[in-house]
Asker: 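So that we are looking at the same thing, I have put the structure below in structure tokens.
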Amino acid sequence: MTDQPVYNPAEIEPKWQARWEADGLYHADIKPKKPKHYAITILHYHYGDLHIGHWYAMTPSDARARFMRMRGYNVMFPMGFDAFGLPAENAAIKRGIHPKEWTYANIELMRKQLKSMGTMIDWRREAISSDPKYYRWTQWFFTQLHKNGLAYRKMAPVDWCPNCNTTLAREQVWGEDRHCERCGTPVIKKDLEQWFFRTTQYAEELLDFSHLDWPERVRILQTNWIGRSEGAIVTFRTEQGDALDVFTTRPDTLWGATFMVLAPEHPLVEKITSSEHKDIVHAYVQQTLRQSDIQRETVEREKTGVFTGGYAINPVNGERIPVWIADYVLMTYGTGAIMGVPAHDQRDFEFARKFGIEVLVVIQPPELPPLDGATMSEAVPAYGTMVNSGVLSGTPGDIAFDRAIEYVERIGAGRRSVNYRLRDWLISRQRYWGAPIPIVYCATHGAVDVPDDQLPVLLPDDVEWLPTGESPLKLHPTWKHTTCPICGGPAERETDTMDTFMCSSWYHLRYLSPDYDKYPFDPVEYDYWMPVDTYTGGIEHATMHLIYTRFFHKACRDMGIVKGPEPMLQLRNQGIVLGEDSEKMSKSRGNVVAPDHLVNRYGADTVRAYLMFFARWDMGGPWNSNGIEGTARWVRRTWNLITEPYNPGAPTEESVRNLRRKVHQTLRRVTRDFETFEFNTIVSSLMELLNDMYKAREMGVAGTPAWDEALDIYLRMMAPVTPHIAEELWAFLGKPYSVHTQSWPVVDEVAAADEIITLVVQVNGKVRDRILVPADISDDRAKQAALESPIVQKHLKGAPPRHVILVPGKLVNIVT
RNA sequence: GCCGAAGUGGCGGAACAGGCAGACGCGCACGACUCAAAAUCGUGUUCCCUCGGGAGUGUGGGUUCGAUUCCCACCUUCGGCACCA
């Protein structure tokens, strides 16, 4: 008894981590004959300490990567850091240190924490987006996009975060009050000259998920974000003769347009406004501009607007209709102008009723009583038979949409059109800690790309932050002064940097060859490893990173840089770990769970296992510190079972067979659960098996070949979940290093098969009895055995059953 | 308002072709060991009950021999979008 080792994770975990690293156990190198598996967990934003949520994202992904490796795949599981960005800059300003210093200190800390988890990360492939050897290529990609017309610069009203002092992409503005995704401050509008990527050019293709195994949740979020609408663009004409395009999803209601509305920012507003309406229109426009600077949530939703005094002609019926302006029409969607069809659109209806505009019914749904524009109390948006619509009157609702478009096209007044809610991606950031946009402005040649051989455009280290909040790049005395790459004349650098989502759009390519200096990636590595097979991360990326990286890949494919339709084939999302109070973890609430503390107390293996066990991985849920004791007990019980000396017994054949059956049934289940990312039941299945192994030892099975097989399979199944203790016990049993290079065991179907089954006997659908029968019992014998049950006899009260339903191997239901 | 997800014991959760509801774990109770405590081990643990049963997976219906699972309507919670023409 005295030589039994004590379980001490603080000793064995660092020991094996060092050994694995020294041996390069997790190095992923090209092996042409082996199937590859490229798995990535979405890279961390380097906010400092890792919290339990990072572990929750990492450990099941790591366990699955390990499982895939044991299944015979050549697995690459790399890690890197999204190191540029506002928080680094803000934190640095606050602490009075350089963002670079702060960032790299954090990375050092995070790397150490990641290693303490016992992950199978191949650290040779680490990529850090703020390294010049990385952002050289981020800049190169920008240049490629620019050369191919996918990056452009324009003056536009853009979202500005007054706290972060920078513009934001539409995707980074959240919620009803339109606040900054990072700091929560409500954004304001600013007219600025900014760089955009043409994501809208890929709107249609981004809606195609046919190549992807992605959660439906994400596909729906992206589909809604892209927001495809089918309809028509119809050209009205102002009385001055200007063309005035509207986009409509209801061309069948064209004949019911009784007014038009322009967005207050619409370019034709000035021209169309009559002299007597100038003052009021001008006042309204000014008021709108001011209002968009105020928090939207405080604005009443009642429609406002003013008449311009101008009129336009409806091309389908020649009607002269008044043109209004109103802030419910947005310049950023469609054409910035709409036709008002109050009878069939609720917004138009409210507007018309408020301002006394005629409501004209042109659609009569057959199931409704005849509509009357004068008396109706709300719009009727349903499809139906066209009425009051000239030659198209009488067209039934199911074909009205198409007929109306055909008509408009025939008379040359418009065309079928598709509109998207998606906007182009604004990538300019007025901040220092990012990849500088590689553009030089020359008085003669305009915006000129920095030539490839002059990349990277390095960030200067000698910068200071002034209280103005302006980017130090702009204020730097010399940095921006340069010469034009074309004419050599004096020129100025772009002082904006790129959105960090640009850096993270291609990091999966940099992992392939982080030191390669001839191209963003080594094409040989690309051809072997890409695309990413399994990508895991939080749902919060659905309409940001996960759209950007798909756009980026498709754009690069069209530029001949990468291949295939998609960058990441399979996506799985983990949920969020909440604090013990069921609230989101935050420092201000004081409910943050610190993984380092837990590792010190229980060891990384226990923390890993508990994170996999305590909730459904895709759901997450509140943390419970008491619950981890159960997992700690399981780990210790595993240790004790294997290290305790046992007395060989004389087991019955049955108890040996029972153990083997349980082992192989568990193996079948654990294998399936790893495949389907159901990590909680992997751990519970292993707990169940361990309980049975304890019972088997009681029965004297320890020491038999079946016992050795059970230990062998158990440790292999445990290895991905708890890599350190599995390795230690594997070595304790004298098996060859390493358990992590062993193959995944194969289910022995004969051993796993049940010989005796419990047949459930129901009477009228209620369980009345359970009888043991041989698994291969015939249908007739099974029914007979059920009917012979005394309990069944009692319930039948002598009457013959009307039906006897048999589900082979499961149950018999007797219906009276 | 629109789109989506989720509702199962005191708690986290399981039930993966429509077929034993509550696996596994936490917590709790009792017992063993101990002078005692911790740790460990064992037993029990959905509710009601007249001990024969009865009820039960958010609510109300439906399909079925049989529904946590399928269909319809609704309620609650969470997430996303939101004057998108």
Side-chain angles (χ1 to χ4, degrees), chain A residues 174-176 178 215-225 227-229 231 246-250 253 260-261 263 296 299 301-304 326-330 332-341 344-348 350-351 381 419-422 539-540 542-543 575-576 609-610 613-616 618-619 621-634 636-637 640 669 672-673 676 678 680-691 694 758-770 794 801-816:
Chain A
W174 285 11
E176 199 170 349
R178 297 179 45 75
E216 198 189 0
R217 193 147 136 245
V218 174
R219 300 199 312 259
I220 289 169
L221 280 171
Q222 292 204 349
T223 302
N224 291 343
W225 186 261
R228 184 181 197 274
S229 300
V246 301
F247 173 73
T248 177
T249 54
R250 293 298 301 274
T253 67
M260 291 189 77
V261 188
R296 275 273 194 82
V299 176
R301 277 290 154 86
E302 189 171 342
K303 297 277 175 294
T304 61
D327 63 3
Y328 81 93
V329 175
L330 310 173
T332 45
Y333 184 80
T335 63
I338 62 156
M339 60 175 194
V341 184
H344 307 293
D345 181 285
Q346 186 58 24
R347 292 155 304 176
D348 298 346
E350 286 164 21
F351 192 82
N419 218 313
Y420 301 93
R421 211 186 69 103
L422 185 73
I539 188 82
E540 70 274 13
T543 57
I576 298 171
Y610 184 58
F613 176 68
F614 93 100
R616 261 180 68 172
D618 56 342
M619 292 294 181
W623 177 262
N624 178 346
S625 356
N626 292 330
I628 195 171
E629 293 290 349
T631 314
R633 211 164 282 145
W634 168 65
R636 270 199 305 274
R637 272 163 55 82
N640 291 338
R669 191 164 175 182
R672 186 196 69 196
D673 289 348
T676 55
E678 285 169 75
N680 54 341
T681 45
I682 290 173
V683 179
S684 64
S685 298
L686 290 173
M687 286 172 169
E688 251 184 273
L689 174 56
L690 184 71
N691 292 342
Y694 265 95
T758 304
L759 198 61
V760 172
V761 183
Q762 297 181 332
V763 178
N764 292 328
K766 281 189 196 301
V767 178
R768 296 299 180 186
D769 199 3
R770 296 181 174 87
K794 194 183 79 185
R802 285 200 288 168
H803 304 286
V804 179
I805 290 146
L806 173 82
V807 182
K810 288 217 172 106
L811 65 66
V812 177
N813 188 14
I814 296 157
V815 185
T816 58

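Chain identifiers are assigned alphabetically (A, B, ...) following the order of the sequence lines, protein sequences preceding nucleic acid strands; residue numbering begins at 1 within each chain. Everything numeric here is computed off the predicted structure, so don't read it as measured data.
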Asker: Would you write out the dot-bracket form of RNA chain B, 5' to 3', with Watson-Crick and G-U pairs under 3.5 Å, [ ] for crossing pairs, | for pairs to other strands and . for unpaired bases?
Answerer: (((((((..(((......[....)))((((((.......))))))(((....)))..(((((..]....))))))))))))....
Asker: At less than 4.0 Å, is any side-chain N or O atom of A:K794 found next to OP1 or OP2 of B:rG53? Yes or no.
Answerer: yes
Asker: Would you classify A:V767 as touching base, sugar-phosphate or nothing, given that sugar-phosphate means primed atoms plus P, OP1 and OP2, and contacts are heavy atoms under 4.0 Å?
Answerer: sugar-phosphate
Asker: What's the closest nucleotide to the A:N691 side chain, out of B:rC65, B:rG25, B:rA85?
Answerer: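 Minimum distance to the A:N691 side chain belongs to B:rG25.
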Asker: Rounded to whole angstrom, note down the C1' distance from B:rU45 over to B:rG22.
Answerer: 12 Å
Asker: Taking the six-membered ring of A:F351 (Phe, Tyr or Trp), confirm whether the NZ or CZ of A:K303 is under 6.0 Å from its centre and within 45° of its axis.
Answerer: no
Asker: Nearest whole angstrom, please: distance from the P of B:rG80 to the CD1 of A:I539.
Answerer: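 Between P of B:rG80 and CD1 of A:I539: 10 Å.
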Asker: Answer whether the closest heavy-atom distance between the side chains of A:F613 and A:M687 falls below 4.5 Å.
Answerer: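 The answer is yes, as the side chains (C-beta and beyond) meet within the 4.5 Å cut-off.
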Asker: Pick the P atom in B:rA21 and in B:rA82, then give their distance to the nearest Å.
Answerer: 47 Å
Asker: Ignoring hydrogens and angles, answer whether the base of B:rG4 and the side-chain atoms of A:E216 contain a donor-acceptor pair closer than 3.5 Å.
Answerer: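 No, the side chain and the base share no sub-3.5 Å donor-acceptor pair.
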Asker: A:Y420 near the nucleic acid: base, sugar-phosphate alone, or nothing, with a heavy-atom cut-off under 4.0 Å?
Answerer: nothing
Asker: Report the distance from atom OH of A:Y333 to atom C1' of B:rC81, rounded to the nearest whole Å.
Answerer: 13 Å
Asker: For the pair made of CG in A:N224 and C1' in B:rA5, what is the distance, rounded to whole Å?
Answerer: 13 Å
Asker: What I'd like to find out is whether the side chain of A:N640 reaches to under 4.5 Å of the side chain of A:Y694, using heavy atoms alone.
Answerer: yes
Asker: Ring centres of A:W623 and A:Y610 under 6.0 Å apart?
Answerer: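 For A:W623 and A:Y610, the ring centres are under 6.0 Å apart.
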Asker: Nearest heavy atom decides the nucleotide; on that basis, is A:R636 or A:I628 closer to the 5' end of RNA chain B?
Answerer: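 With A:R636 and A:I628 compared, the 5'-side residue is A:I628.
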Asker: Considering every strand and a 4.0 Å limit on heavy-atom distances, what is the contact class for A:N813: base, sugar-phosphate, or nothing?
Answerer: base
Asker: Quick check for you: to the nearest 0.5 Å, what is the distance between A:N691 atom CG and A:R637 atom CZ?
Answerer: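 It comes to 5.0 Å.
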Asker: Any N or O donor-acceptor pair linking the side chain of A:K810 to the base of B:rC20 at under 3.5 Å?
Answerer: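 No pair found.
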Asker: Want to settle it: does A:N764 or A:R633 sit nearer the 5' end of RNA chain B, counting the closest nucleotide to each?
Answerer: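 Its nucleotide being nearer the 5' end, the pick is A:R633.
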Asker: Since syn is defined as within 90° of 0, does B:rG10 count as syn or as anti?
Answerer: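 For B:rG10, whose glycosidic angle is more than 90° from 0, the conformation is anti.
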Asker: Across the strands shown, which category fits A:M619 at heavy-atom distances under 4.0 angstrom: base, sugar-phosphate, nothing?
Answerer: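 Answer is sugar-phosphate: A:M619 comes under 4.0 Å of backbone atoms only.
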Asker: Using a heavy-atom cut-off of 4.0 Å across all strands, would you classify A:R672 as base, sugar-phosphate, or nothing?
Answerer: base
